[in-house]
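Below, chains carry the letters A, B, ... as their sequence lines are ordered, and counting in each starts from 1. Hydrogens, waters and symmetry mates are skipped; everything else that's a heavy atom, side chains included, is used.
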Amino acid sequence: MSSSGAFSRADRLLSRRDFQAVFARPRRSRDAFFTLLFCHNELGRPRLGLAISRRRVPRAVDRNRLKRQVRESFRHARPGLPAVDIVVMAGPEAAAAGAGALRASLARHWQRVAAKTQSAEEGGDRADG
RNA sequence: GGAGCCGGCCAGGCAGUCGCUCGCCGCAUGGCGGCGGGAGGAAAGUCCGGGCUCCGGCGGACAGGGUGCCAGGUAACGCCUGGGGGGCGCGAGCCCACGGAAAGUGCCACAGAAAACAGACCGCCGGCGCCGCUGUGCGGCGCAGGCAAGGGUGAAAAGGUGCGGUAAGAGCGCACCGCGCGGGUGGUAACACGCCGCGGCACGGUAAACCCCACCCGGAGCAAGACCAAAUAGGGGAGCAGGCGACGGGCGCGAGCCCGGCGCACCGGUGUCCGCCCGGGCUCCCGGGUAGGUCGCAAGAGGCCGCCGGCGACGGUGGUCCCAGAUGAAUGGCUGCCCCCGACAGAACCCGGCUUAUCGGCCGGCUCCAUUU
RNA sequence: UGGGGUGUAGCCAAGUGGUAAGGCAGCGGGUUUUGAUCCCGCCAUUCGCAGGUUCGAAUCCUGCCACCCCAG
């Protein structure tokens, strides 16, 4: 629970069930590099799941690099995030992007995730689809 | 100094800081702390070869597939080493699917006269007949022949060069070269020989066409497979078999029926079949559980150093080291400094090769050219 | 990660050693008052790419590339 920079297995989506839960009722945040799906969880902390498909990013080196960038960015942004499960998917442009561009993109995504979640909670279950 | 050939190695470095994962230790038990390890030469393509696991075990025949100069190396190979033959290069060196076409079959389009037991379009040659011209001669046309040197076609036209020979020619004869067969010598062998004898020469190409010869190969694959838990044995339904033979026993007047063990048949890994051993009623459908966990899963045909054997690939031996092990998937982010500003690229059961991608750098050996002393 | 398959014109495709069929689409022309139908003609395809075997390769062999399918 120490809110240092740690990022352990408890902070990741580990099973098929976790992923299906996010895919079932997703909120979205998308740009040219990444698509994020997220939804509220009951754990009181954010969790990250990666879904970098081989179709979108053919080379293993690029897939690994993207995953590292996303994890690292998430690790730093984690204290400012609400209790949501987030699935990050990559678009075809992501493989060609530099580290700086990726970080900037991800930072915007984390802000949007926080903002959307907060507004939904303030709105007090204003049931929408 | 320049150009080049071969072999081996490296794959930005250092410091700080924040993280991930595995192992060990400690606290006292699932949280933290300390120490240590943490992608590649190709991890890739999945093109070969093995290990391992399951298909019950072993052997054989055919089918199917693979390999293809010889000899070694190896767990094995389509790999490697050495050698032979052929080709390229002044050279160091490099390249080659390199068995058999006199075992048989098929194919060789178009062109060309003829394309495989050769053939005769143009042509060359003399003979005969007719005709013409300036006379025993020359020319033309025709007929029956001879020839395979020249032309032309073709990817390929049935030894080459020279001399003799002839009507013209021809291995027709001879010399040299080439070729074939038999032998000899050297070599484990492939093969070699400026060793001998025989044959005038007969055998076109294609086997990455069928094929023949020699050797090798069972099938799947870690999503293999094993274990744990209510938990892999069973429940319900349907179908097909419960056969044949001799023998022994029982019942019956008898045809026959019942029982027993034995043999055959049937089923059990691969395309087919056979033999022996082992096991066994068989097949199908229905419902309830599987993206739970553990093992397999990393100490190995292992790396490094030395010695011995070998031209070498490699083998033997002694010492030493432990060197990724994830599983929604770790091996990274940031900052600073330095340099020649960093290529191709990311393990998923493991290993030996091949192939493909790749910025650049280092070391060793060698060749050719130029130059200096 | 492992196993399997396919590449021939814009599309669907045949061909399996000797000039690469055919259809749809497209373009041009003819027929027709116009259109449809019909008729004629046209596709510079290095046959996915690169080597090799052969006199000759889409076809045979080797190595690459791209795409698709199956298995938890």
Side-chain angles (χ1 to χ4, degrees):
Chain A
M1 286 287 186
S2 67
S3 67
S4 68
F7 175 58
S8 69
R9 297 178 59 77
D11 303 312
R12 291 186 250 166
L13 300 183
L14 294 175
S15 70
R16 182 178 182 77
R17 208 169 308 155
D18 296 335
F19 278 78
Q20 291 299 333
V22 177
F23 288 133
R25 303 167 63 180
R27 295 170 185 280
R28 297 170 199 275
S29 175
R30 169 181 286 172
D31 66 9
F33 297 150
F34 297 104
T35 297
L36 276 67
L37 305 180
F38 59 97
C39 71
H40 177 75
N41 69 34
E42 304 297 331
L43 298 168
R45 64 175 188 277
R47 293 195 302 176
L48 177 68
L50 292 164
I52 311 296
S53 81
R54 188 171 196 175
R55 293 283 287 226
R56 296 293 181 82
V57 187
R59 296 197 312 164
V61 172
D62 296 329
R63 285 198 300 277
N64 285 344
R65 189 172 126 263
L66 288 173
K67 290 186 207 170
R68 286 177 192 134
Q69 292 285 350
V70 173
R71 275 197 300 264
E72 191 63 20
S73 178
F74 175 80
R75 188 170 71 83
H76 288 297
R78 210 167 60 100
L81 288 172
V84 288
D85 286 348
I86 305 171
V87 174
V88 177
M89 302 189 290
E93 318 235 333
L102 292 176
R103 253 179 293 141
S105 165
L106 287 165
R108 283 196 300 276
H109 279 301
W110 305 134
Q111 283 177 6
R112 285 228 293 263
V113 168
K116 283 195 177 186
T117 307
Q118 197 175 27
S119 70
E121 284 172 357
E122 280 175 357
D125 292 26
R126 196 177 293 161
D128 61 325

Notebook entry, point to check: Starting at NE2 of A/H76 and ending at P of B/C20, how long is that distance when rounded to a whole Å?
Noted result: 11 Å
Next item on the list: Evaluate side-chain contact (heavy atoms from CB on, under 4.5 Å) for A/T117 paired with A/V113, printing each intermediate quantity in order.
Entry: CA-CA 6 Å; A/T117 307; A/V113 168; 4.2 Å; yes
Next item on the list: Let me know the distance between CG of A/L14 and C1' of B/G293, rounded to the nearest Å.
Entry: 14 Å
Checklist line | Counter-base of B/C121, judged by Watson-Crick or G-U geometry with both distances under 3.5 Å | finding: B/G151
Check: Separation of A/F7 atom CZ from B/G328 atom C1', in whole Å?
Finding: 11 Å
Notebook entry, point to check: side chain to side chain contact (heavy atoms under 4.5 Å, CB included) with A/S73: which residues, sequence neighbours excluded?
Noted result: A/L106, A/W110
Check: Distance-only, no hydrogens or angles: does the A/R30 side chain make a donor-acceptor pair with backbone N or O of A/L36 under 3.5 Å?
Finding: no
Next item on the list: Can you check whether any acceptor in the base of B/C18 is under 3.5 Å from a donor in the side chain of A/R75, or vice versa?
Entry: yes
Next item on the list: Please examine the side chains of A/L66 and A/F33, heavy atoms only from C-beta on, and report whether any two atoms are closer than 4.5 Å.
Entry: no
Margin query: When the P atoms of B/C210 and C/G48 are compared, how many Å lie between them, rounded to an integer?
Written below: 23 Å
Notebook entry, point to check: NA contact type, A/R47, heavy-atom cut-off 4.0 Å: base, sugar-phosphate, or nothing?
Noted result: nothing
Check: CG of A/L48 versus C1' of B/A329: gap in Å, rounded?
Finding: 13 Å
Item checked: G-U wobble or Watson-Crick pairing nucleotide for B/G364 (cut-off 3.5 Å, both distances) -> B/C6
Checklist line | B/A92, syn or anti by chi within 90 degrees of zero | finding: anti
Margin query: Nearest 0.5 angstrom please: A/R28 CZ to A/M89 CE, how far?
Written below: 7.0 Å
Using atom names, set out every protein N or O paired with an N or O of nucleotides 65-72 of chain C below 3.5 Å, distance rounded to 0.1 Å.
none

Check: How far, in whole Å, is B/C201 from B/C94 if one measures between their C1' atoms?
Finding: 39 Å
Check: How far, in whole Å, is B/A230 from B/U270 if one measures between their C1' atoms?
Finding: 40 Å
Check: Are A/F7 and A/E72 side-chain neighbours, meaning at least one heavy-atom pair lies under 4.5 Å?
Finding: no
Notebook entry, point to check: With both distances under 3.5 angstrom, what nucleotide forms a Watson-Crick or G-U wobble pair with B/G218?
Noted result: B/C55
Checklist line | Between B/G293 and B/C284 - P atom distance, rounded Å | finding: 32 Å
Note to self: Given 3.5 Å as the limit, does a donor-acceptor pair link the side chain of A/R56 with the main chain of A/A95, or not?
What the structure shows: no
Next item on the list: Find the partner of B/C14: check Watson-Crick (N1-N3 plus N6-O4 or O6-N4) and G-U wobble (N1-O2, O6-N3) distances, both under 3.5 Å, and reply none if neither fits.
Entry: B/G336
Next item on the list: Mind calculating the distance between CZ (A/F19) and C1' (B/A329) to the nearest angstrom?
Entry: 10 Å
Check: A/D85 has an atom CG; how far is it from atom C1' of B/G328, in whole Å?
Finding: 13 Å
Check: How should the glycosidic conformation of B/G316 be described, syn or anti, under the criterion that syn lies within 90° of 0?
Finding: anti
Note to self: If the cut-off is 4.0 Å, is A/R71 near the phosphate of B/U331, judged by side-chain N/O to OP1 or OP2?
What the structure shows: yes
Notebook entry, point to check: So what's B/C174 paired with, Watson-Crick or G-U wobble, going by both distances under 3.5 Å?
Noted result: B/G162
Check: How long is the span from the NZ atom in A/K67 to the CD1 atom in A/I52, to the nearest 0.5 Å?
Finding: 7.0 Å
Check: What residues, two or more places apart in sequence or in another chain, satisfy side chain to side chain contact (heavy atoms under 4.5 Å, CB included) together with A/A114?
Finding: A/P82
Item checked: Pairing nucleotide - B/G296, Watson-Crick or G-U, each distance under 3.5 Å -> none
Check: Would a distance-only check, ignoring hydrogens and angles, find a side-chain to backbone donor-acceptor pair under 3.5 Å from A/N64 to A/R68?
Finding: no
Notebook entry, point to check: Looking at RNA chain B, which of residues 58-65 of chain A put a heavy atom within less than 4.0 Å of it?
Noted result: A/R59, A/A60, A/V61, A/N64
Item checked: Torsion-based syn/anti label for C/U46, 90° from 0 as limit -> anti
Item checked: B/G49 versus B/C216 - spacing of their C1' atoms, nearest Å -> 12 Å
Checklist line | B/G127 pairs with, by Watson-Crick or G-U criteria that keep both distances under 3.5 Å | finding: B/C143
Note to self: If the cut-off is 4.0 Å, is A/R12 near the phosphate of B/A330, judged by side-chain N/O to OP1 or OP2?
What the structure shows: no
Note to self: Please enumerate all residues that pass side-chain hydrogen bond (donor to acceptor under 3.5 Å, both in side chains) together with A/R71, with sequence neighbours excluded.
What the structure shows: none
Next item on the list: May I have all residue pairs that pass salt bridge (Lys or Arg N to Asp or Glu O under 4.0 Å) and include part of residues 79-101 of chain A, sequence neighbours excluded?
Entry: A/R47-A/D85
Notebook entry, point to check: Does B/C323 sit syn or anti, given that only angles within 90° of 0 count as syn?
Noted result: syn
Item checked: Linked, directly or transitively: A/L48 and A/L81 (ILVMFWY side chains, under 4.5 Å) -> yes
Notebook entry, point to check: Given atom CZ of A/R54 and atom C1' of B/A348, what is their separation to the nearest angstrom?
Noted result: 13 Å
Item checked: Opposite nucleotide pairing with B/C94, Watson-Crick or G-U, both atom distances under 3.5 Å -> B/G87
Notebook entry, point to check: Taking syn as any angle within 90 degrees of 0 and anti as the rest, which one fits B/A233?
Noted result: anti
Note to self: From CG of A/L50 over to C1' of B/C20, roughly how many Å is that when rounded to an integer?
What the structure shows: 13 Å
Margin query: Roughly how many Å apart are B/A326 and B/U331, using the P atom of each and rounding to a whole number?
Written below: 14 Å
Margin query: For A/F23 and A/R103, find the nucleotide of RNA chain B closest to each by heavy atoms; which residue's nucleotide sits nearer the 5' end?
Written below: A/F23
Next item on the list: May I ask you to evaluate whether A/R68 reaches the phosphate of B/U21, defined as a side-chain N or O under 4.0 Å from OP1 or OP2?
Entry: no
Margin query: What's the gap between C/A50 and B/A348 when it is taken at their C1' atoms, as a whole Å value?
Written below: 33 Å
Margin query: Please give the distance between the C1' atoms of B/A241 and B/C266 as a whole number of Å.
Written below: 9 Å
